[in-house]
Amino acid sequence: MNPITRINPTELAPPTGFSHAVTATGGTLVFLAGQTALDGDGKIVGATLPEQFETALANLLAALRAAGGAPASLARVTVYATDVAAYRAHAHELGTIWRRLAGREYPAMAVIGAARLWDEQAMVELDGIAVLD
């Protein structure tokens, strides 16, 4: 049984690409470090925000799988973007990437604007919290 329940109250605007609240009971917490579009050699790959988002999400999910989890285990994801306007402009494409890699179960999410990320060429970074059965 999945220890995560996603809650989207009808009095709030319908969520698109996130859940308003997530509860977790029992299970093991997994704290996922920020992931950017680093390849296996430690170099940023992808010239566009969607390309970098795809790699960063794949890296986050790889860390989650290594911890014994799956995309449905995600309770919270924070996205740090160096250009929030570009993130909004690519929202549909980013949602398509999310659904292809992580499915249609959305965690509680936030997008935070950042002047720059640890890896100077990175446009986006994702971190998260997951709950395992």
J.: Do Trp98 and Val111 share a hydrophobic cluster (ILVMFWY, side-chain heavy atoms under 4.5 Å, transitive)?
T.: yes
J.: Just how far is it from atom OG1 of Thr82 to atom CD of Gln52, taken to the nearest 0.5 Å?
T.: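 Here the rounded value is 8.0 Å.
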J.: When clusters are formed by joining ILVMFWY residues with side-chain heavy atoms under 4.5 Å apart, either directly or through shared neighbours, do Ile7 and Val131 land in the same one?
T.: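 Ile7 and Val131: separate clusters.
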J.: Identify all side-chain donor-acceptor contacts of residues 84-92 below 3.5 Å with residues at least two apart in sequence or on another chain.
T.:
none

J.: Please check this pair: side chain of Asp39 against backbone of Asp41, looking for a donor-acceptor N/O pair closer than 3.5 Å.
T.: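 Pair found, side chain donor or acceptor close to backbone of Asp41.
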J.: Grab the two heavy atoms, one from His20 and one from Pro14, that are nearest each other, plus how far apart they are.
T.: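 The answer is NE2-C, 4.5 Å.
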J.: Report yes or no: do Val45 and Phe53 belong to one cluster of Ile/Leu/Val/Met/Phe/Trp/Tyr joined by side chain heavy-atom distances under 4.5 Å?
T.: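 As far as the 4.5 Å side-chain criterion goes, Phe53 and Val45 are not connected within one cluster.
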J.: At their closest point, which heavy atom of Met123 faces which heavy atom of Leu49, and how far apart are they?
T.: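 Taking every non-hydrogen atom into account, SD-N, 3.6 Å.
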J.: Evaluate Tyr80 against Asp127 for side chain to side chain contact (heavy atoms under 4.5 Å, CB included), listing each step before the verdict.
T.: CA-CA 9 Å; Tyr80 304 90; Asp127 70 15; 3.4 Å; yes
J.: Between Val79 and Met109, is any pair of side-chain heavy atoms under 4.5 Å apart?
T.: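 In contact.
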J.: Leu126, Ile129: one ILVMFWY side-chain cluster at the under-4.5 Å cut-off?
T.: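 Hydrophobic grouping puts Leu126 apart from Ile129.
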J.: Could you tell me which non-hydrogen atom of Val77 sits nearest to which non-hydrogen atom of Pro107, and how far apart they are?
T.: CG2-CG, 3.7 Å
J.: Can you give the donor-acceptor pairs under 3.5 Å from side chains of residues 56-69 to other protein atoms, not counting sequence neighbours?
T.:
| residue | atom | partner | partner atom | Å |
| --- | --- | --- | --- | --- |
| Asn59 | ND2 | Thr36 | O | 2.8 |
| Asn59 | ND2 | Leu38 | O | 3.0 |
| Asn59 | ND2 | Thr55 | O | 3.4 |

J.: Under 3.5 Å, side chain of Gln121 to main-chain N/O of Ile44, donor-acceptor pair present?
T.: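 Not a single qualifying donor-acceptor pair exists.
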J.: Would you say the side chain of Tyr106 lies within less than 4.5 Å of the side chain of Asn8, judging by non-hydrogen atoms?
T.: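 The answer is no, as the side chains (C-beta and beyond) never meet within the 4.5 Å cut-off.
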J.: Group every Ile, Leu, Val, Met, Phe, Trp and Tyr by side-chain heavy-atom contacts under 4.5 Å, then state whether Leu29 and Ile4 land in the same group.
T.: yes
J.: Can you name the nearest heavy-atom pair linking Leu117 to Ala122, along with the distance?
T.: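 Looking at all heavy atoms of both residues, the shortest contact is CD1-O, 3.8 Å.
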J.: Calculate, to the nearest 0.5 Å, the distance between atoms CD and OG belonging to Glu105 and Ser73 respectively.
T.: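 Reported value, rounded in 0.5 Å steps: 11.0 Å.
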J.: Could you pull out the closest heavy-atom pair between Arg104 and Arg99, with the gap in Å?
T.: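 Heavy atoms only, the tightest pair is NH1-CD, 3.2 Å.
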J.: I want to check something: taking the side chain as every heavy atom from C-beta on, are Leu74 and Leu32 in contact at a cut-off of under 4.5 Å?
T.: yes
J.: Determine the minimum heavy-atom distance between Pro3 and Asp133, stating which atoms define it.
T.: CD-OD1, 2.5 Å
